[in-house]
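The structure under discussion appears below in the form of structure tokens.
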Protein chains: 2
Amino acid sequence: MGAMAIPDLARLAAALADPVRAAMVGALFGGVALPQQELARRGGVAPSTASEHLARLVDVGLLVRTTAGRRRYYRLVGPEVAEALERLGTLAPPAPRPRTLSQNDRLRVMTLARTCYDHLAGVLGVALADVLVADGTFARADDAFVETNATALRLERLGIDVATLRTTRRPLVRGCLDWTERRPHLAGAVGAALADTFLARGWVRRATGHRGLHVTEAGTTALAREFGIDLRPSTSSG
Amino acid sequence: MGAMAIPDLARLAAALADPVRAAMVGALFGGVALPQQELARRGGVAPSTASEHLARLVDVGLLVRTTAGRRRYYRLVGPEVAEALERLGTLAPPAPRPRTLSQNDRLRVMTLARTCYDHLAGVLGVALADVLVADGTFARADDAFVETNATALRLERLGIDVATLRTTRRPLVRGCLDWTERRPHLAGAVGAALADTFLARGWVRRATGHRGLHVTEAGTTALAREFGIDLRPSTSSG
DNA sequence: ACGACCGTTCGGCCTGCGCCGAACGATCCG
DNA sequence: CGGATCGTTCGGCGCAGGCCGAACGGTCGT
């Protein structure tokens, strides 16, 4: 009778169903670990309440807790969580409802460029993936990306050593379906390495308080020069 | 403050958070449309209650409702829903807790062979995908599958006409991460066509009441002959 | 046209759970 | 060692929402 269909889908969904918990998970999408206090602030609840929420998220297997001194840090259990949730996000809203101005501003930043766990997402992430497919660095297969015989060489020009990346257990490249663009961006070891590179070269800067990314002036010219990417909202929105 | 991270992830998750609603969605994973009455029965609630649940699932964009006479049929809005949810399921339980005997039986059938929306999943689905990759019908890319120049010819031997499948808007082949096996099986137009073929040839039969599939005797020999697949639980579990 | 059936809406009950403040343990600092 | 932080557990409050039965409209059968 119980129809267990997806094992404890309900249990997992219930853990994400609360706005406060969703906000906490969202805050951790950047892949960083945050202390309880900070997550309480992000969720807008008292520490005691936050403690309960976080315990539940750990219990259901979405977060892990590490203790450092008197602080307890929480982070996503791994990239798969962010990727599965990102994909879940593509199901929801075909047409976003109007929002307040400040929310709108943030939303614009988020759709333009943001991190998804540890790689680049948003318009920038998708555009970058498109370019790297167009120039043969990767081939596209459905919503995934495949290595080509040009991969190592091309990435080396960006200062990314594929051989090193292979030493990790992580898959070299993965596709991750973008919540805003509904098309895949680059995840996996290469995705993370690209994000690191962009940050290290000062092309993008982390926003404070959320996982949006600001494209710097240097970044704008570099993206145009290196990849022919122009992020100005010519055709998009209004 | 609100930190909307994933747009209304919380809203979507809340829709799935109730066991009754999760059971309803699970019942529709097979891709079929079921009348309200039947879904009420599956959920174990009164028709009035079911009506509220279903309205909510429609509202959040997971289900669509079609009216036929005095019946109202509900079905998943599309394969993406089943695939995203299937993937979500891979996050949850690394080690399933012990269950009652009848539940165990059903679970065994489900892990062995079942449908995911309209294609094959479970051990069978994953094994089939592996074989078709091994024999060059498809290439694998991460968790996705790619067409090769042998695809059309190989599938023709199974009575599947790729040219026809291309006429639909649907992608020819997709990877869908399997909840039990944590590895991809074949979805997309080809995935659906394979499931149709297996059913049409009597290799598998739909179980009643859930989306499990029974492999028939004819199916067992055919699978061994055509694909070298042996589903007996020799190496699996313990 | 009348009765049987399917489904939704409405009103009312009640549990679950999200919220907080208080109290307590644990860790760091001077 | 004492005070300040950080975090958890506990008790109690209040509301959202899941549940049902009753009533009603729409559709099919005869």
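In this text, all values refer to a predicted model and were calculated from it rather than measured experimentally. Throughout, a chain's letter reflects where its sequence line sits, starting with A, and its residues are numbered from 1.
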### Any H53(A) side-chain N or O less than 4.0 Å from OP1/OP2 of dC19(C)
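For dC19(C), OP1 or OP2 has a side-chain N or O of H53(A) closer than 4.0 Å.
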### Query
Looking at Q36(B), does any N or O in its side chain come under 4.0 Å of the phosphate oxygens OP1/OP2 on dG7(C)?
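Answer is yes, contact under 4.0 Å.
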Can you tabulate the close N/O pairs, meaning under 3.5 Å, that link protein atoms to atoms of nucleotides 26-30 of chain C?
{"residue": "dT27(C)", "atom": "O2", "partner": "R70(A)", "partner atom": "NH1", "Å": "3.2"}

### Task
Report the residues that fulfil ring-ring contact (aromatic ring centres under 6.0 Å, His included) with H53(B), sequence neighbours left out, ordered by chain and then residue number.
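Per chain and number, H53(B) pairs via ring-ring contact (aromatic ring centres under 6.0 Å, His included) with no residue.
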### Query
From the 5' end of DNA chain D to its 3' end, which nucleotides mark the outer limits of contact with chain A, defined by a 4.0 Å heavy-atom distance cut-off (strictly under)?
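Answer, 5' to 3': dA4(D) to dC10(D).
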For [Y], is there any backbone N or O sitting under 3.5 Å from a side-chain donor or acceptor partner on [X]?
| X | Y | value |
| --- | --- | --- |
| D8(B) | A10(B) | no |
| T115(B) | D118(B) | no |
| T197(A) | A193(A) | yes |
| R87(B) | W179(B) | no |
| D142(B) | A144(B) | no |
| T111(A) | T180(A) | no |

Take atom [atom1] of [X] and atom [atom2] of [N], then tell me their distance rounded to the nearest Å.
| X | N | atom1 | atom2 | value |
| --- | --- | --- | --- | --- |
| R65(B) | dT8(C) | CZ | C1' | 9 Å |
| Y74(B) | dT8(C) | OH | C1' | 9 Å |
| E38(B) | dG7(C) | CD | P | 10 Å |
| D59(A) | dC17(C) | CG | P | 13 Å |
| L54(A) | dC17(C) | CG | P | 17 Å |

### Query
How would you list all residue pairs meeting salt bridge (charged side-chain N to carboxylate O under 4.0 Å, His left out) that involve residues 26-38 of chain B, not counting sequence neighbours?
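Sorted pair list: E38(B)-R41(B), E38(B)-R42(B).
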### Message
Counting only heavy atoms and a strict 4.0 angstrom limit, can you tell me which residues of residues 45-52 of chain A come near DNA chain D?
### Response
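Here the set is P47(A), S48(A), S51(A), E52(A).
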### Message
Nearest 0.5 Å, please: how far is NE2 in H119(B) from SG in C176(B)?
### Response
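Going from SG on C176(B) over to NE2 on H119(B), the span is 4.0 Å.
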### Task
Count the heavy atoms belonging to other residues, nucleotides or ligands that lie under 6.0 Å from CZ of R205(B), then report whether that count exceeds 12.
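No - once you tally the heavy atoms of other residues, nucleotides and ligands closer than 6.0 Å, there are 12 at most.
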### Task
Can you pull out how bent the helix from dA1(C)-dT30(D) to dG30(C)-dC1(D) is, comparing the axes over its first five and last five pairs, to 10°?
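Here the helix ends are tilted 30° relative to one another.
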Considering only NZ, NE, NH1 and NH2 on the basic side and carboxylate oxygens on the acidic side, decide whether [X] and [Y] come within less than 4.0 Å.
| X | Y | answer |
| --- | --- | --- |
| D178(A) | R183(A) | no |
| R65(A) | D59(A) | no |
| R182(A) | D143(A) | no |

### Task
Report which part of the nucleic acid Y73(A) touches: base, sugar-phosphate, or nothing (heavy-atom distance under 4.0 Å, all strands).
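The residue Y73(A) makes no contact with any strand.
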